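Predicted model only: the values in this text are computed from it and were never measured. Throughout, protein chains are lettered first and strands after them, A, B, ... in sequence-line order, and every chain is numbered starting at 1. Values reported hereafter were calculated over all heavy atoms of this structure, with side chains retained and with hydrogens, waters and symmetry mates removed.
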Protein chains: 2
Amino acid sequence: MSENEKLTEERIFEAAEIVFEEEGLTGARMQTIADRAGINKALLHYYFRTKDHLFEAVFTKLAQKMFMKFTPIFEKDLSLEEKIKFFFREHITFMQHNPKLPGFILNEINHNPQRIQKLIKNIEFRNLWLTILDQHKDELYKYNITEETLPQIMTTIASLSVFPFAAKGILEVIFENLGVDFDKYIELRKEFAADFVIKAITK
Amino acid sequence: MSENEKLTEERIFEAAEIVFEEEGLTGARMQTIADRAGINKALLHYYFRTKDHLFEAVFTKLAQKMFMKFTPIFEKDLSLEEKIKFFFREHITFMQHNPKLPGFILNEINHNPQRIQKLIKNIEFRNLWLTILDQHKDELYKYNITEETLPQIMTTIASLSVFPFAAKGILEVIFENLGVDFDKYIELRKEFAADFVIKAITK
DNA sequence: CCTATTTTTGACCATTCGGTTAAACTTTAT
DNA sequence: ATAAAGTTTAACCGAATGGTCAAAAATAGG
């Protein structure tokens, strides 16, 4: 039954997403995934031949979820400031629902950079780059942003939204010491980060 | 011979640092560490009883190297702006020599937050916190920084310096696409990040 | 030089882990 | 109803892995 098959494959995939995200490629166990999906371990290998196949599938989906979803924001027809505000709001909200995703992706790429190579080429950062340079020519000039500082600003924007989640484990411990609530901090960050960047780039 | 013993234990430890930093706790193999140290695997267990013992020792040392070394900067007798400039210069230079350290630490803490708990309590972030609040009372007022936004600013500073290294794997691939050189980008970042922060917090 | 102690090794062990196989069970089509 | 095809399982396999052990080699002390 194709309905049932879809269900089983989907159950496996969802279980794999959770386990890989939590334990990483090397830490994850096929048995754990099978248990979580409520099936026999052999069935894992029936649907996804090897651990690497399964991981590849999961990783590709999660990475696309992370990258593909948010690069289009910068291609919209908005002012630079509006894009920045929009990005932080959407991106941080997304990570509130997927808090372990950033750490997982960063870690796996660091451990195996060539795996992502094709995937990232697909995302066409070059186009995004050119779009920004073209679409905001006058704004960039107004903000005194050169082609040399643009990478700095782009990575800065990424930093501000991703880092709190990539460092969630530490921050929660430190914050506890200071009486700061992580969730409130994150909620506040959506606006703070946008204002911070805009303030910094405004002459 | 205590001289020789020191040498062997040190060789093991250094090998372990490299392997753990590169492969993570779950990815690292005792055999790999033994090979790298040029000794028998049994000798590993003679000096450090279990993999967890060895990892604990390595992790504690590396984490202290990362945290302990730079929190004192904020206790020095400098203006806030000077501290910010000083921090970025020192911290980024340190990570240029230990580029894999940030990713390693973030990842291991996320995978096992309670391991770091005691370690982080030792660093006394609370003191650092109070020192800043006290020492820069007038400057904070001048910059319009409240007790609510201070966590945002502190984590922002950490973000800007740590993230490029935690995300090194991705950035190198993206940069290659754009004709940007990672090392030059990092060198530039020392000043850029400091200026960026100062610009953002200045009224 | 001889003995006691410490360091180092090779061989080995138990368990875990990714993966396979053959058979049972289900579904589909005729 | 029945055969063919697809799905699921229990049992099993070989390699890898963390860890142990007893004996050998090196070192230190008298």
In this structure, how many angstroms lie between the [atom2] atom of [N] and the [atom1] atom of [X], rounded?
X       : N      : atom1 : atom2 : result
A/Phe48 : C/dT20 : CZ    : C1'   : 19 Å
B/His45 : D/dT20 : NE2   : P     : 7 Å
A/Phe20 : C/dG18 : CZ    : P     : 9 Å
B/Ile12 : C/dT7  : CD1   : P     : 11 Å
B/Met30 : D/dT20 : CE    : C1'   : 13 Å
B/Gln31 : D/dA15 : CD    : P     : 17 Å
A/Leu43 : C/dT21 : CG    : P     : 16 Å
A/Asn40 : D/dA11 : CG    : C1'   : 10 Å

Is the phosphate of C/dT7 approached by B/Thr8 (side-chain N or O, under 4.0 Å from OP1 or OP2)?
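Answer no for this pair, as no side-chain N or O of B/Thr8 is under 4.0 Å from OP1 or OP2.
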B/Arg29 vs D/dG18: side-chain N/O to OP1/OP2 distance below 4.0 Å:
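The answer is yes; a side-chain N or O of B/Arg29 sits under 4.0 Å from OP1 or OP2.
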Which listed nucleotide ([options]) is nearest to the side chain of [X]?
X       : options               : result
A/Tyr46 : D/dT8, D/dT17, C/dT8  : D/dT8
A/Ala42 : D/dT8, C/dT21, C/dG19 : C/dT21
A/Ile39 : C/dG19, D/dT7, D/dT9  : D/dT9

Do the ring centers of B/Phe55 and B/Phe20 come within less than 6.0 Å of each other?
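When the ring centroids of B/Phe55 and B/Phe20 are compared, they turn out to be within the sub-6.0 Å range.
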Once hydrogens and angles are ignored, does a donor-acceptor distance under 3.5 Å link the base of C/dG18 to the side chain of A/Lys41?
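Checked by distance alone, the answer is yes.
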Quick one: do A/Arg115 and A/Glu108 make a salt bridge, cutoff under 4.0 Å?
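No, this pair does not count.
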Salt-bridge present (B/Lys168, B/Glu172; N to O < 4.0 Å)
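Looking at B/Lys168 and B/Glu172, the cut-off is met.
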Kindly give the heavy-atom pair with the smallest separation between B/Gln152 and B/Glu148, and that separation in Å.
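Minimum heavy-atom separation between B/Gln152 and B/Glu148: CG-O, 4.3 Å.
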Residue pair A/Ile116 / A/Pro113: nearest heavy atoms and the distance that separates them
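Closest heavy-atom pair between A/Ile116 and A/Pro113: CG2-O, 3.0 Å.
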Reckon A/Ala34 touches a base, only the sugar-phosphate, or nothing at all at heavy-atom distances under 4.0 Å?
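If one applies the 4.0 Å heavy-atom cut-off, A/Ala34 turns out to touch nothing in the nucleic acid.
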